[in-house]
Amino acid sequence: QVQLVESGGGLVQVGDSLRLSCAASGLTLRRNTMGWFRQTPGSGREFVAAIRYSGGNGYYSDSVKGRFTISRDTANNIVYLQMNSLKTEDTAVYYCAADPNGILSTIRDPRQYDYWGQGTHVTVSS
């Protein structure tokens, strides 16, 4: 049974940093593309970042590129999202997701991801 558990969210101020973690069980990171998405009330899930099953550089939305970094620890099956220079518009519930198909062309599409965590809240206050 696949389980994704996010942690690390909280209340921070503009310019602060946070690191989100996603502990995965029931799957192997080396066989899954892992993504981070976020959602605000009344909106759909927005792509934030992803890292392919093969590792390497991550993929980012334009809104977070240069500020956020996705990484993974394959030994412990954990995916991280380091978020720096946080802005009020980064406030959202952040979700970790797993895609066992690994199709690059749809890496930003939440419909491609089969497994989701319960989300962790991030609030950036001015």
Side-chain angles (χ1 to χ4, degrees):
Q1 181 179 357
V2 174
Q3 193 171 19
L4 303 175
V5 180
E6 302 97 333
S7 61
L11 172 63
V12 297
Q13 293 190 326
V14 169
D16 284 352
S17 297
L18 270 179
R19 188 178 77 161
L20 305 183
S21 299
C22 172
S25 58
L27 59 78
T28 303
L29 297 187
R30 294 186 188 276
R31 295 183 180 179
N32 285 266
T33 291
M34 301 300 294
W36 284 98
F37 292 79
R38 65 188 181 187
Q39 188 171 23
T40 55
S43 300
R45 291 188 180 179
E46 174 193 6
F47 171 78
V48 175
I51 185 167
R52 298 195 74 201
Y53 58 90
S54 53
N57 294 329
Y59 298 81
Y60 301 93
S61 68
D62 289 342
S63 61
V64 308
K65 194 176 298 182
R67 299 188 298 123
F68 291 10
T69 303
I70 188 170
S71 62
R72 66 182 191 175
D73 177 352
T74 53
N76 293 296
N77 242 28
I78 301 174
V79 181
Y80 299 102
L81 184 68
Q82 178 67 43
M83 306 187 296
N84 298 331
S85 302
L86 283 161
K87 305 176 181 180
T88 55
E89 50 263 46
D90 295 319
T91 295
V93 178
Y94 284 71
Y95 296 92
C96 175
D99 167 23
N101 300 303
I103 302 173
L104 181 57
S105 61
T106 55
I107 199 169
R108 293 173 173 81
D109 188 345
R111 296 171 297 179
Q112 188 63 33
Y113 292 77
D114 291 350
Y115 306 104
W116 293 84
Q118 82 290 348
T120 185
H121 290 257
V122 173
T123 302
V124 184
S125 171
S126 58

Same cluster (ILVMFWY, side-chain, under 4.5 Å), Tyr59 and Tyr53:
no
Enumerate the residue pairs fulfilling salt bridge (charged side-chain N to carboxylate O under 4.0 Å, His left out) with a member in residues 14-24, sequence neighbours excluded, ordered by first and then second residue.
none
To the nearest 0.5 Å, atom CG of Asn57 lies from atom CZ of Arg52 at 12.5 Å
For the student: nearest non-hydrogen atoms of Ala92 and Gln39, plus distance:
CB-O, 3.5 Å
Just how far is it from atom OG of Ser61 to atom CZ of Arg108, taken to the nearest 0.5 Å?
8.0 Å
Tell me if a side-chain donor or acceptor on Glu6 pairs with a main-chain N or O of Thr120 at a distance below 3.5 Å.
no
Should the ring pair Trp116 and Phe37 be called parallel, tilted or perpendicular, given that the plane angle runs from 0 to 90° and is split at 30 and 60?
tilted
Do any N or O atoms from the side chain of Asp73 and from the backbone of Ile78 form a donor-acceptor pair under 3.5 angstrom?
no
To the nearest 0.5 Å, what is the distance between OG1 on Thr106 and CZ on Arg111?
9.0 Å
Take Asn32 and Asp114 through the side-chain contact (heavy atoms from CB on, under 4.5 Å) test and state the conclusion after the steps.
CA-CA 10 Å; Asn32 285 266; Asp114 291 350; over 6 Å; no
Are there more than 12 heavy atoms of other residues, nucleotides or ligands under 6.0 Å from atom CD of Gln13?
no
Is there a side-chain contact between Tyr113 and Thr33 (heavy atoms, below 4.5 Å)?
yes
Hydrophobic cluster partners of Leu29 (side-chain heavy atoms under 4.5 Å):
Val2, Leu4, Val12, Val14, Leu18, Leu20, Leu27, Met34, Trp36, Val48, Ile51, Tyr60, Val64, Phe68, Ile70, Val79, Leu81, Met83, Leu86, Tyr94, Tyr115, Val122, Val124
Check Ser85 against Asp90 and note the closest heavy-atom contact, atom names and distance.
O-OD2, 4.4 Å
Nearest 0.5 Å, what's the CZ-OG distance between Arg38 and Ser63?
4.5 Å
Rounded to the nearest 0.5 Å, what's the gap from OG1 on Thr69 to CG on Asn84? Could you check?
6.5 Å
Rounded distance (nearest 0.5 Å) linking atom OG of Ser126 with atom NZ of Lys87
14.0 Å
